[in-house]
Amino acid sequence: MKKIRKSTKVAVAFLIYVSATAAYLLPRNTEIGRSEKYFTLAGAYVIVALLWWVLRKKERLKEENRLEKK
């Protein structure tokens with residue numbers, strides 16, 4: 001069985017959190033417009049994607065350093 005990487009677990013957890021928060025809070029917010037709600041949600045998803053990318057890169061560098069030391 002293939003092991004799920006820590007970067008993927010963290011990113012999925014934040015993705016679920018952002019989606020649940022958006023589903024709960026954005027429809028109730030009447031102070032901002034509809035397009036602003038979509039931009040906020042899209043920005044949050046971009047941040048989660050960047051987090052996943054940075055953590056994945058960090059894991060790869062750590063693995064390369066571990067292999068070089070052997």
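For this chain, numbers begin at 1 and follow the sequence in order.
Remark: Ile4 CD1 is loosely packed, at most 12 non-hydrogen atoms of other residues, nucleotides or ligands lying under 6.0 Å away.
Closest approach of Ser7 to Leu55, counting heavy atoms only: CB-CB, 3.5 Å. When all heavy atoms of Pro27 and Ala22 are compared, the pair lying nearest together is CD-O, 3.3 Å. The two atoms that bring Lys37 and Ile32 nearest to each other are CG-CD1, 3.6 Å, heavy atoms only.
A cation-pi arrangement, defined by a distance under 6.0 Å to the six-membered ring centre and an angle within 45 degrees of its axis, is present between Arg28 and Tyr24.
Trp52 and Val12 are members of different hydrophobic clusters when ILVMFWY side chains are connected at heavy-atom separations under 4.5 Å. When the side chains of ILVMFWY residues are joined at heavy-atom separations under 4.5 Å, either directly or via intervening members, Val10 and Val48 end up in a single hydrophobic cluster. Residues Leu41 and Phe14 are members of one and the same hydrophobic cluster, defined by side-chain heavy-atom contacts under 4.5 angstrom among Ile, Leu, Val, Met, Phe, Trp and Tyr.
Using a 4.0 Å cut-off between charged side-chain N and carboxylate O, Arg66 and Glu63 make a salt bridge.
In this structure, Arg34 CZ and Asn29 CG are separated by 13.0 Å, a value rounded to the nearest 0.5 Å.
The side-chain contact (heavy atoms from CB on, under 4.5 Å) test with Arg60 singles out one residue from Arg56, Lys57, Lys58, and that residue is Arg56.
Looking only at side-chain heavy atoms (C-beta outward), Ser19 and Tyr45 come within less than 4.5 Å of each other.
Between the side chain of Thr21 and the backbone N or O of Tyr17, at least one donor-acceptor pair lies under 3.5 Å. The main-chain N or O of Arg5 is never found under 3.5 Å from a side-chain atom of Glu59 such that the two would form a donor-acceptor pair.
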